[in-house]
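Report on the structure given below.
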Amino acid sequence: MNKIITHKTLSRRSLLKSAVAVSAGLAVGTSFVAASTAAWAMETKQVSPQEMATLIQMARDIYPHNHVSDEFYARAVKGYDSEEFKQKISDGVAALNSAAQGAGFNDYLSVQWEADRVAILKTVENSAFFQTIRGNLITGLYNQKGLWPLFGYEGESYTKGGYLSHGFDDIKWI
Amino acid sequence: MATKFELSDDSVVVVVGSGAGGGTLSNELAQKGVNVVCLEAGGRYLPQHYIQDEWESFGQLAWLDARTTSGDWRVAKDFPGLPAWIVKAVGGTTVHWAGASLRFQEHEFKARTTYGEVAGANLLDWPISLDELAPYYAKAETKMGVTRTNNIPGLPGNNNYKVFEAGAKKLGYKHVNTGRMAINSQPRDGRPGCQQSGFCFQGCKFGAKWSAAYTEIPAGEASGHLEVRSQCHVLRIEHNAQGKVSGVLYADKDGNQHFQKARIVCVAGNSIESPRLLLNSASSMFPDGLSNSSGQVGRNYMRHMTASVYATFDRPVRMWRGTTMAGIISDESRHDPSRGFVGGFEFETLSLGLPFMAAFMNPGGWGREFASALDSYENMAGMWLVGEDMPQETNRITLNPSVKDQYGLPAPDVHFDDHANDIAMREYAWKRGQAIYDAAGATSTITTPPYPSTHNLGTNRMSEKARDGVVNRWGQSHDIDNLFVSDGSQFTTGASENPTLTIVALAIRQAEYIAKQMSARAI
């Protein structure tokens with residue numbers, strides 16, 4: 001199974017020994033993608049770690065939130081590590097890398113500037129691959145409850161009796 | 001438990017649907033001693049079942065049967081399989097509605113006379129007036145406990161409302177308040193006052209908002225004259241050799257089909273399903289579908305001119321806290337063609353949680369601009385714009401022969417093209433909405449396109465003359481006198497107000513008519 005593994009399960013030392021940095025924040029090993037800080041790691045079974053790292057970077061470039069760590073983007077795309085998606089991801093990442101090569105880079109992950117990566121994404125924007133990744137991010141990313149506090153969103157209030165006594169009208173500046 | 005009626009009992013009134021129209025009609029008839037079988041396609045969910053989580057709740061409550069879209073409206077591109085965001089459950093869309101309960105204005109019942117000839121629009125005056133409906137509006141307001149009527153105080157304004165009100169007042173708008181809402185501002189009718197918990201769209205966990213699910217339905221059942229069969233989807237209406245309807249064929253939760261006999265059938269399945277059912281009931285006697293001698297069944301589909309404006313500020317608003325629709329500005333609901341369009345619109349506050357904001361703010365959007373707007377989610381205020389749209393004959397529900405539902409019946413296709421008047425109104429409303437937030441000190445504003453339709457109207461419209469519509473002034477079929485339409489599909493025009501109060505008022509009035517006609521043995 002794919003899962004986000006913390007450094008408690010996979011030791012920082014063993015991680016860093018086998019991983020290669022592929023972007024500012026991501027490192028890949030033989031069977032996993034990890035934060036280069038080793039704050040989290042994700043095993044991959046069906047897609048290659050390089051492909052998964054590409055999806056994570058692509059997810060961030062589609063919905064770039066500077067205050068959101070890669071771990072949330074990784075969780076949003078980890079479902080593609082499956083038999084069902086294996087071929088589509090392989091083909092899609094290959095097409096993306098080919099677009100990157102067309103723009104003079106080795107592959108998507110080696111493009112250092114966001115503006116350059118966005119320009120590459122624009123060239124594949126209408127593909128089924130891009131639309132699938134983007135469309136699923138709407139729920140895959142923004143419906144992670146752990147992400148909500150980073151945007152200030154508090155979600156349900158029923159269990160605390162509603163917002164009536166929890167600030168529904170506490171605005172002072174207006 | 002509630003009374004049960006035999007399938008062979010041909011003395012009952014069958015009501016198809018249990019929402020604002022069907023739920024109210026069922027209870028009103030039952031209170032008069034008329035035996036009713038209400039068939040509801042959805043399941044029974046009550047406050048203890050509602051989920052304060054947008055996507056999870058959507059999976060629980062939304063009508064997700066196969067549907068298709070066509071036309072130039074943006075919903076067809078953004079949500080091709082989801083033309084409408086309505087509910088499949090006992091209580092229908094009264095589980096989801098926000099609670100705004102506004103009477104139509106006098107001139108809105110006379111749209112053709114007031115607005116004159118509008119090219120491309122199939123405008124018609126209602127066969128009834130405000131005066132005629134006023135006593136039923138009063139009954140509906142009392143039933144639903146509408147704030148600012150019956151000496152019921154208004155709800156307190158939440159943060160989202162305070163921003164909205166400040167901007168509106170700076171612009172000089174006069175009719176600005178927390179609205180007439182069917183949400184208890186104090187305990188009433190065995191239900192508590194509003195706890196400002198948000199999530200009005202997901203079903204009120206406290207039951208403070210009026211919903212047929214836990215008011216009309218149990219009241220009707222307690223009378224001993226109403227049986228509600230949930231998870232029973234009506235497939236077709238049958239008629240006899242005399243051309244009178246004789247009952248309905250429906251599928252139960254296991255897919256088994258049954259035929260319920262009826263003296264009268266009332267269709268209240270919302271403006272997509274109701275015309276679809278009439279069309280799917282075509283027979284050799286009625287080859288174009290039931291009640292369709294005018295050819296108007298499914299036509300004149302209206303969904304209100306809608307759009308939203310969200311604004312970000314330099315400090316937190318936290319719009320999600322409290323009532324979803326927490327206030328209204330009514331100054332623009334007048335008819336004033338000098339603005340470049342006929343009819344009017346309302347501004348109503350609206351908030352979405354982060355997950356739905358991501359889905360609806362700019363469907364299909366991505367990149368820095370999109371993400372940057374969401375980065376300011378905590379500092380956002382929001383409003384919905386809802387106005388009268390033009391009935392057009394070509395905006396219609398048809399049967400899509402190439403897509404079938406789970407019962408093998410043709411799915412409905414919802415075709416909608418914006419009328420030039422709708423577009424002019426939306427552009428004007430967006431600008432005014434942005435001006436309101438600019439006046440309140442916004443650092444940026446976002447104009448958001450229409451969501452999947454929540455106000456689905458007009459597809460079996462009421463008309464004085466049989467050739468112009470589907471039903472008469474009582475919602476009774478022009479062609480078949482024991483067939484009625486009891487939901488928003490009987491609206492002749494849409495007006496600028498949220499439709500639920502009018503649907504409820506019409507259902508109360510229709511129940512009186514049906515009961516009288518039955519006692520007089522007229523039907």
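In the text below, chain A, chain B and the rest are named by the order of the sequence lines, each starting its count at 1. Please read all numbers here as calculations on a predicted model, not as lab measurements.
The most heavy-atom pairs under 4.5 Å with chain A, out of B:Gly364, B:Gly167, B:Gly365, B:Ser376, come from B:Gly364. Per-residue counts of heavy-atom pairs under 4.5 Å with chain A were compared for B:Gly157, B:Pro156, B:Gly367, B:Gly322; the largest is that of B:Gly367. With chain B as partner, the option from A:Lys160, A:Glu125, A:Gln144, A:Gln131 having the largest number of non-hydrogen pairs under 4.5 angstrom is A:Glu125.
Close approach to chain B, defined as a heavy atom under 4.5 Å from one of its heavy atoms, is seen in A:Glu114 of residues 101-117 of chain A, taken by number. For residues 195-211 of chain B, a heavy-atom distance under 4.5 Å to chain A picks out B:Gln195, B:Gln196, B:Ser197, B:Phe199, B:Lys205, B:Phe206, given by residue number.
Of the two parts of A:Lys122, the backbone and the side chain both hold a non-hydrogen atom closer than 4.5 Å to a non-hydrogen atom of chain B. The part of B:Asp53 that comes within reach of chain A is its side chain, from C-beta onward, which places non-hydrogen atoms under 4.5 angstrom from that chain. Looking at A:Glu154, both its backbone and its side chain come within 4.5 Å of chain B, counting heavy atoms on both sides. Both the backbone and the side chain of B:Leu374 have a heavy atom closer than 4.5 Å to some heavy atom of chain A. Contacts of B:Pro363 with chain A are absent, with no heavy-atom separation under 4.5 Å from either backbone or side chain. Neither the backbone nor the side chain of B:Tyr161 has a heavy atom closer than 4.5 Å to any heavy atom of chain A.
When atom types are taken as modelled, the side chain of A:Trp173 and the backbone of B:Pro316 share a donor-acceptor pair closer than 3.5 angstrom.
For the pair B:Phe370/A:Ile62, no side-chain contact is recorded, criterion being any heavy-atom separation below 4.5 Å from C-beta on. Contact check for B:Arg321 versus A:His166: no side-chain heavy atoms found under the 4.5 Å cut-off. Within the 4.5 Å cutoff, no side-chain heavy atoms of A:Ser157 are placed close to those of B:Trp320. Looking only at side-chain heavy atoms (C-beta outward), B:Trp366 and A:Val118 come within less than 4.5 Å of each other. With contacts defined as side-chain heavy-atom distances shorter than 4.5 Å, the pair B:Tyr50/A:Tyr158 does not qualify. Counting only heavy atoms from C-beta outward, the side chains of B:Lys162 and A:Asp169 approach each other to under 4.5 Å. You'll find the side chain of B:Pro355 reaches within 4.5 Å of the side chain of A:Trp148, heavy atoms only. Counting only heavy atoms from C-beta outward, the side chains of A:Leu147 and B:Leu354 approach each other to under 4.5 Å.
The distance from the CD atom of B:Glu56 to the CG atom of A:Asn143 is 9.0 Å, given to the nearest 0.5 Å. Atoms CZ and CD1, from B:Phe360 and A:Ile138 in turn, are 10.5 Å apart once rounded to the nearest 0.5 Å. With rounding to the nearest 0.5 Å, the separation of CZ in B:Arg318 from OH in A:Tyr163 is 10.5 Å. For the atom pair B:Asp375 CG and A:Tyr63 OH, the distance stands at 13.0 Å (nearest 0.5 Å). Atom-to-atom distance recorded for B:Asn160:CG and A:Ile171:CD1 is 8.5 Å, nearest 0.5 angstrom.
Both tests do not hold together for A:Lys145 against B:Trp55: distance to the six-membered ring centre under 6.0 Å, angle to the ring axis within 45°.
Taking all atoms of both residues into account, the shortest heavy-atom contact from B:Ala371 to A:His65 is O-CE1, 3.2 Å.
Ring pair B:Tyr377/A:Tyr153 is perpendicular by interplanar angle, where above 60° counts as perpendicular and below 30° as parallel.
For the residue pair A:Asp170 / B:Asn159, a side-chain donor-acceptor distance below 3.5 Å is found, with atom types taken as modelled.
Heavy-atom neighbours of B:Glu369 CD from other residues, nucleotides or ligands within 6.0 Å: at or below the threshold of 12.
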